[in-house]
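For reference, the structure discussed in these notes is given below.
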Amino acid sequence: MKHQIFPSYCSCFNICRVSVTMIEKMELLDVDKLIEEFESMTKDAGNVQRETLKKILEENGCAEYLQNLGLNGRTDPESFKACVPLVTHNDLQPYIQQIVDGSSSPILTGKPITTISLSSGTTQGKPKFVPFNDELMETTLQIYRTSYAFRTREFPIENGKALQLIYSSKQSKTKGGLIAGTATTNVFRNSQFKNTMKAMQSQCCSPDEVIFGPDFHQSLYCHLLCGLIFREEIQFISSTFSHSIVHAFRTFEQVWEELCADIREGVLTSRITFPSVRSAMAKLLKPNPELADLIHKKCLGLNNWYGLIPELFPNVKYIYGIMTGSMEPYLKKLRHYARDLPLISADYGSSEGWIGANVNPYVPPELATYVVLPNIGYFEFIPLKENVEEAKPVGLTEVKVGEEYEVIITNFAGLYRYRLGDVVKVTGFHNLSPELKFICRRNLMLTINIDKNTEKDLQLAVEAASKLNTEERLEVLDFSSHVDLSTNPGHYVIFWEISGEVRDEVLEECCNCLDRSFVDAGYVSSRKINAIGPLELRVVQRGTFQKILDHYVGLGAALSQFKTPRCVGSTNNEVLQILCNNVVKNYFSTAF
């Protein structure tokens with residue numbers, strides 16, 4: 001039976017690769033065919049995984065890294081696991097550095113790596129170098145097409161435009177002459193990206209000069225202006241992360257009258273200074289007092305900007321971006337702007353590679369799950385209910401529903417048995433491929449002694465405490481945390497940026513609520529015997545988290561890839577200084 005099923009899937013490998021080159025000839029993607037291919041692949045996930053690993057090892061068997069591990073041309077999973085160790089980025093850093101420095105040897109891959117992706121750097125304080133190649137670009141496009149097919153089946157869109165709040169930072173050259181840029185920049189600058197967007201009826205309403213503009217503040221303003229110019233044609237609004245969408249419409253609140261003036265006069269504001277951007281916008285911007293009056297009237301008619309997005313863009317079908325993990329705290333504000341428009345969480349991946357697609361777009365982001373595409377990499381999972389250092393990884397089809405795992409990825413760009421650091425929960429199976437819910441990053445943890453609180457624990461504590469501000473009609477705009485070991489005993493510090501003035505007694509109770517909301521047994525017991533000191537809430541002035549964003553963009557990060565660092569360690573000293581230098585009030589818990 002396997003021999004009857006699998007040859008039909010081998011062709012699916014070729015379809016995925018050929019379809020990238022065929023996109024230019026396509027008018028529109030065949031949604032039904034894409035879904036049929038996906039169903040066929042996930043029904044034979046085990047065989048597809050073996051074939052994927054075989055393909056990766058055949059293509060890269062001559063790499064020095066694999067040669068030194070003694071695989072000797074073997075491509076089966078058993079030999080691979082016996083010879084190749086689990087690794088972290090630190091383990092591979094010396095090999096990647098040789099590539100970055102221009103070594104012509106086949107170090108991690110058979111074919112030379114010509115492009116390097118930079119991670120956002122918000123987790124560890126500095127970006128990581130990650131190899132990027134044509135195969136990773138193809139898996140990116142496959143993920144895009146797969147989720148688009150399921151999304152379009154649920155929420156059909158017309159052949160209009162998309163307000164894509166995307167930003168490309170500059171690509172640079174490494175010492176060895178390789179192209180280096182953020183993962184999103186490498187995707188956006190690839191010629192296949194625009195072709196795929198056309199085939200997906202998802203053309204950005206902004207010209208390339210705006211997307212690739214050198215200043216993201218100016219690009220954001222122009223994105224908003226382009227959206228308003230084409231407001232009737234906009235079918236959906238998207239960005240890489242929900243943070244970018246919320247940031248855009250918070251900016252709109254500040255600049256809407258200026259945008260209206262530009263539309264009324266047909267002249268671009270002097271705040272846009274780059275000639276290439278001004279020239280591109282001049283081709284779109286013509287005097288339109290009727291449109292300016294309409295937008296002005298709609299903005300004045302809104303109550304606290306509730307329902308802003310459907311008022312501005314009447315034909316929008318949904319809002320799309322990564323909304324899970326560290327992006328969940330922005331959902332409340334996004335729903336405020338979106339009113340009853342569907343929010344759809346985008347696919348699951350990282351700078352190191354993609355993992356799964358959201359094939360259930362009607363599910364709210366808080367419940368979003370991702371089906372692993374078994375042909376885009378070879379996947380293993382470390383069970384977390386056991387001692388992680390002793391636990392034996394299991395294969396894609398061997399995971400159990402309800403269990404939590406750390407993800408291990410082997411991809412086409414030189415990462416072999418790479419510990420991604422993500423914790424996921426298996427919620428079910430789509431055919432034979434697991435559906436994963438993202439839980440948290442393993443290394444983002446507040447801990448002083450026996451306490452262990454994750455990013456998710458922090459998020460839940462902030463959500464509980466911020467409800468005390470609702471009577472004041474104020475919101476927590478953003479937050480972060482730090483373990484302060486300069487005191488004895490050490491204690492947790494939570495940083496809040498709030499939308500207005502809050503009474504001291506309310507913030508004191510918020511501080512107590514934060515402290516009580518960390519329910520980890522190690523934390524509670526340590527607090528009761530004063531082995532961990534009282535939690536400290538530090539309120540920072542408005543604009544502090546914007547300074548953090550500006551700091552990362554100044555280092556070369558793209559706004560599209562920015563994630564607010566939720567736990568700032570001592571290694572991330574510059575961000576910690578920004579937070580500490582902007583504290584206006586602080587409170588210590590009296591909860592224990």
Side-chain angles (χ1 to χ4, degrees), residues 122-125 326 328-329 423 439-469 474-498 502-542 544-545 547-548 551 563-592:
T122 49
T123 302
Q124 300 295 336
S326 61
E328 268 192 47
V423 176
I439 301 298
C440 64
R441 295 279 298 162
R442 277 202 71 215
N443 58 352
L444 282 180
M445 194 169 286
L446 291 164
T447 180
I448 293 173
N449 46 49
I450 61 170
D451 54 308
K452 287 181 172 60
N453 282 297
T454 65
E455 179 183 4
K456 185 68 177 177
D457 297 321
L458 171 65
Q459 181 186 318
L460 292 171
V462 170
E463 284 176 4
S466 61
K467 288 175 183 174
L468 299 172
N469 287 324
L474 296 170
E475 61 180 313
V476 176
L477 298 175
D478 224 327
F479 64 92
S480 190
S481 65
H482 172 64
V483 170
D484 188 349
L485 298 176
S486 67
T487 59
N488 188 17
H491 68 286
Y492 290 7
V493 177
I494 311 296
F495 296 95
W496 273 12
E497 184 176 322
I498 309 175
V502 184
R503 289 177 290 122
D504 284 342
E505 56 266 32
V506 175
L507 288 171
E508 287 166 1
E509 186 49 41
C510 286
C511 184
N512 289 340
C513 183
L514 283 166
D515 206 2
R516 287 192 298 266
S517 295
F518 288 108
V519 295
D520 167 67
Y523 181 77
V524 174
S525 61
S526 296
R527 283 288 289 116
K528 284 179 177 177
I529 61 171
N530 204 35
I532 295 176
L535 181 143
E536 182 182 1
L537 172 61
R538 297 182 190 175
V539 179
V540 297
Q541 63 186 10
R542 285 289 297 271
T544 297
F545 283 86
K547 291 177 183 177
I548 293 173
H551 164 73
K563 301 187 289 287
T564 298
R566 293 293 179 220
C567 183
V568 180
S570 54
T571 58
N572 206 346
N573 190 53
E574 287 174 303
V575 170
L576 188 58
Q577 285 304 309
I578 293 170
L579 288 166
C580 292
N581 291 342
N582 286 278
V583 173
V584 291
K585 289 181 178 180
N586 71 314
Y587 306 87
F588 284 92
S589 167
T590 57
F592 289 88

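Quick note: numbers below take in every heavy atom, side chains included, and nothing from hydrogens, waters or symmetry partners.
By the 4.5 Å heavy-atom criterion applied to side chains, V539 and Y587 are counted as neighbours. For the pair T590 and P534, the minimum side-chain heavy-atom distance is 4.5 Å or more. The closest side-chain heavy-atom distance from R527 to S589 is below 4.5 Å. Proximity of S481 to V493: side-chain heavy atoms (C-beta onward) are nowhere separated by under 4.5 Å.
For the atom pair CG (L468) and SG (C511), the distance works out to 11.5 Å, reported to the nearest 0.5 Å. Here CG of N586 is found 13.0 Å from CD1 of I494. Values are rounded to the nearest 0.5 Å. With values rounded to the nearest 0.5 angstrom, F588 atom CZ is found 12.5 Å from N512 atom CG. With values rounded to the nearest 0.5 angstrom, L579 atom CG is found 9.5 Å from E497 atom CD. To the nearest 0.5 Å, atoms OG1 (T564) and CZ (F479) are separated by 8.5 Å. Here C580 contributes atom SG and H482 contributes atom NE2; the two are 6.5 Å apart, rounded to the nearest 0.5 Å.
Between the side chain of D515 and the backbone N or O of A591 there is no donor-acceptor pair closer than 3.5 Å. With S526 contributing its side chain and I532 its backbone, the two residues share no donor-acceptor pair below 3.5 Å.
Considering L460, V524, L458 in turn, L458 is the only one that fulfils the side-chain contact (heavy atoms from CB on, under 4.5 Å) rule with F518. Among V584, V583, I498, the single residue meeting the side-chain contact (heavy atoms from CB on, under 4.5 Å) criterion with Q541 is V584.
Here D478 does not pair with R542 in a salt bridge; the nearest charged N to carboxylate O distance is not below 4.0 Å.
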Decide yes or no on side-chain hydrogen bond (donor to acceptor under 3.5 Å, both in side chains) for E455 and Q459, but give the supporting numbers first.
CA-CA 6 Å; E455 179 183 4; Q459 181 186 318; over 6 Å; no

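Taking the six-membered ring for Trp and the full ring otherwise, F545 and F495 have centroids separated by 6.0 Å or more.
Between the side chains of T447 and N453, no donor-acceptor pair of N or O atoms lies under 3.5 Å.
Judged as a salt bridge (charged side-chain N to carboxylate O under 4.0 Å, His left out), and not counting sequence neighbours, the contacts of K585 are E501, D504. Listed by chain and residue number, R538 satisfy the salt bridge (charged side-chain N to carboxylate O under 4.0 Å, His left out) test with D484 (two or more places apart in sequence, or in another chain).
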